[in-house]
K.L.:
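So that we are looking at the same thing, I have put the structure below in structure tokens.
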Amino acid sequence: MEVKGGGIKLSFWDNLPKFRKFTERLQKIFSFSKVDDEFLEELETEFIQNDLGLSLTNEILNEIKKRKISDPEELRDFLLDFLLKLFENLDLKLSLDSDKLNIVVFLGVNGTGKTSAVGKMAYYLKNNGYFPIIAAADTFRAAAIDQIKVWGERVGVDVIAQKEGADPASVVYNAIEASLARDKNVLLVDTAGRMHTKSNLLEELKKIERVIEKTLGYSAKENLVVIDATLGQNVIKQVETFNNAVELTGVVLTKLDGTAKGGVILNVVKSFNIPVKFVSIGEDKDDLEPFDPKEFIESFLPRLES
Ligand code: GDP
């Protein structure tokens, strides 16, 4: 990580030109000498436009007024503290056991970047001392099976697949057997993401859960929902749907390179109390980053010279 002249750490967030626009606009607001009504109005507009959501924005604004914060620097410190608290008690790391096969199920609507996220996660895990393998359980479209196979080849990770239309739970069963036979310790499951047939999806996910529990005697370690940061408020509905189907353990937020609106991270965490565990910032195999709330919040809050 680089260190800028003033001793400020730069993170990958600083290299996302679209996301920087949010920071620049906040910087402009914070250049006001005093936190007055105009300041707060502009801050409110910025937070809403940035997909922090009404409820969180109102809560922040009310707290600022209650505390009678008038100094921009004090406000910055308050915001850092307040936003960091959203992540308190949330397990941001992938929860993986060292001594048994871990199952990580990926859920999400088509087009959000789910399949790519599985590929990138396999690459990340491989580079971090794990032995991953992939189950192509999105059997709804032949293209999805081909696509995950391409990712497997790209990152050098085995993909267990069957034909289009096969029972996803049977793919998972095969993949568990292959994982055990090949001494793999993390099985990444790419599931189908058909929002319009919610009940089928729910049944399919429940069946996958049953197969995992029956075969291994324990459930999946992680159920990660993949959401697209460029979709703004729509992601809230998507998370809700999947959260009703399975017990979500985390979020992977994709396409952060394509939006100035990273605030949706805060909205999701506030709405569901589920941690964002990884963020994707591009289409390459190494574009998946573990999410660090402090780094994220510090990257958009203005850097005030005292
Ligand atoms: P799926 O249908 O949810 O499995 O989505 P895919 O993995 O096929 O991704 C859909 C499209 O989004 C593809 O063109 C990906 O290359 C692209 N994509 C995925 N993640 C990112 C990301 O973080 N940034 C950008 N710019 N594109 C992404």
Side-chain angles (χ1 to χ4, degrees), residues 11-22 51 104-125 132 134-155 157 159-161 164 168 171-172 188-198 200-201 204-205 208 222-232 234-235 237-239 241-242 245-246 248 250-265 268 276-292 295-296 299:
S11 65
F12 68 85
W13 297 99
D14 297 280
N15 293 322
L16 299 177
K18 289 194 175 160
F19 183 71
R20 292 294 311 157
K21 293 204 172 108
F22 178 36
D51 292 330
V104 180
V105 178
F106 286 75
L107 311 137
V109 177
N110 289 335
T112 53
K114 179 172 47 64
T115 303
S116 322
V118 172
K120 290 175 214 168
M121 183 70 85
Y123 187 65
Y124 173 86
L125 290 171
I134 296 170
D138 180 355
T139 58
F140 193 59
R141 296 170 303 148
I145 301 173
D146 293 343
Q147 199 193 342
I148 194 65
K149 282 184 180 164
V150 170
W151 267 103
E153 271 168 35
R154 189 179 295 161
V155 301
V157 169
V159 175
I160 306 303
E164 181 187 357
V171 177
V172 172
L188 305 174
V189 180
D190 184 21
T191 66
R194 316 187 295 276
M195 280 290 271
H196 51 283
T197 53
K198 275 183 209 159
N200 286 352
L201 179 67
E204 192 172 299
L205 295 174
I208 290 176
E222 296 272 2
N223 285 315
L224 302 177
V225 64
V226 180
I227 52 176
D228 175 345
T230 64
L231 296 182
N234 290 339
V235 304
K237 188 85 208 130
Q238 293 181 5
V239 177
T241 302
F242 287 101
V246 296
L248 293 177
V251 174
V252 177
L253 194 70
T254 63
K255 307 190 193 180
L256 268 163
D257 51 314
T259 178
K261 301 184 175 190
V264 73
I265 291 180
V268 168
V276 173
K277 296 204 170 186
F278 279 83
V279 293
S280 171
I281 51 165
E283 296 179 272
D284 290 337
K285 61 184 177 190
D286 52 5
D287 279 337
L288 190 74
E289 300 269 351
F291 177 67
D292 177 341
E295 203 172 77
F296 166 62
S299 77

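In listed order, ligands and their atoms are each counted from 1. Heavy atoms only: backbone and side chains are in, while hydrogens, waters and symmetry mates are out.
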K.L.:
Note the single closest protein heavy atom to atom 11 (C) of ligand 1, along with its residue, its atom name and the distance in Å.
P.N.:
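Answer for atom 11 (C) of ligand 1: Lys255 NZ, 4.1 Å.
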K.L.:
Within the 4.0 Å heavy-atom shell around Gly282, which atoms of ligand 1 are there?
P.N.:
21 (C), 22 (C), 23 (O), 24 (N)
K.L.:
Could you list the atoms of ligand 1 found under 4.0 angstrom from a heavy atom of Thr115?
P.N.:
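Matching atoms, with element in brackets: 1 (P), 4 (O), 7 (O).
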K.L.:
Could you state the interatomic distance from CD1 (Ile160) to NZ (Lys149), rounded to the nearest 0.5 Å?
P.N.:
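Taking CD1 in Ile160 and NZ in Lys149, the distance rounds to 10.5 Å.
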K.L.:
Could you tell me whether Ile281 approaches ligand 1 through its side chain, its backbone, both or neither, with non-hydrogen atoms closer than 4.0 Å?
P.N.:
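Backbone only.
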K.L.:
Any N or O on Asp257 sitting closer than 3.5 Å to an N or O of ligand 1?
P.N.:
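Yes, there is a polar N/O contact under 3.5 Å.
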K.L.:
Which atoms of ligand 1 have any heavy atom of Gln147 under 4.0 Å away?
P.N.:
6 (P), 7 (O), 8 (O)
K.L.:
In Å and rounded to the nearest 0.5 Å, what is the NZ to CG distance from Lys261 to Leu231?
P.N.:
11.0 Å
K.L.:
Within ligand 1, which atoms have a heavy atom of Lys120 less than 4.0 Å away?
P.N.:
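Near Lys120, the atoms of ligand 1 are 20 (N), 21 (C), 23 (O).
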K.L.:
Counting from 1, what ligand 1 atoms have a heavy atom of Lys114 closer than 4.0 Å?
P.N.:
1 (P), 3 (O), 4 (O), 5 (O), 7 (O)
K.L.:
Nearest 0.5 Å please: distance from the CG atom of Leu253 over to the CD1 atom of Ile281.
P.N.:
12.0 Å
K.L.:
Let me see the working for Phe296 and Ile265 under side-chain contact (heavy atoms from CB on, under 4.5 Å), right down to the final yes or no.
P.N.:
CA-CA 10 Å; Phe296 166 62; Ile265 291 180; 3.9 Å; yes
K.L.:
Is the shortest N/O to N/O distance between Gly113 and ligand 1 below 3.5 Å?
P.N.:
yes
K.L.:
When rounded to the nearest 0.5 angstrom, what distance separates CG in Asp228 from CG in Asn110?
P.N.:
12.0 Å
K.L.:
Closer than 4.0 Å to some heavy atom of Ser116 - which atoms of ligand 1 meet that?
P.N.:
6 (P), 7 (O), 9 (O), 15 (C), 19 (C)
K.L.:
What distance do Glu164 atom CD and Asp138 atom CG have between them, rounded to the nearest 0.5 Å?
P.N.:
10.0 Å
K.L.:
Tell me the protein heavy atom at minimum distance from atom 23 (O) of ligand 1, and give that distance in Å.
P.N.:
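The protein heavy atom lying closest is Ser280 OG, 2.5 Å.
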K.L.:
Atom 27 (N) of ligand 1: which protein heavy atom is closest, and how many Å away?
P.N.:
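The protein heavy atom lying closest is Glu283 CG, 3.2 Å.
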K.L.:
I need the Lys114 NZ to Met121 CE distance, nearest 0.5 Å.
P.N.:
13.5 Å
K.L.:
Show which atoms of ligand 1 fall inside a sub-4.0 Å distance from at least one heavy-atom site of Val109.
P.N.:
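That gives atoms 3 (O) of ligand 1.
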K.L.:
As a test of understanding, state which of Tyr123, Tyr124, Phe106 forms a ring pair (Phe, Tyr, Trp, His ring centres under 6.0 Å) with Phe278.
P.N.:
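Between Phe278 and the candidates, ring pair (Phe, Tyr, Trp, His ring centres under 6.0 Å) is satisfied uniquely by Tyr124.
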K.L.:
One thing to verify: whether Asp257 and Lys18 come together as a salt bridge, which I'm taking to mean a side-chain N less than 4.0 angstrom from a carboxylate O.
P.N.:
no
K.L.:
Kindly confirm or rule out an N or O of Thr254 lying under 3.5 angstrom from an N or O of ligand 1.
P.N.:
no
K.L.:
Suppose we measure from atom 2 (O) of ligand 1 to each protein heavy atom; which comes out shortest, and what is that distance?
P.N.:
Gly111 N, 2.6 Å
K.L.:
Parallel under 30°, tilted from 30 to 60°, perpendicular over 60°: which one fits the rings of Trp13 and Phe291?
P.N.:
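Plane angle over 60°, so perpendicular.
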K.L.:
Tell me whether Thr112 reaches ligand 1 (any heavy atom closer than 4.0 angstrom to a ligand atom).
P.N.:
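In this structure, Thr112 qualifies as a contact of ligand 1 - some heavy atom is under 4.0 Å.
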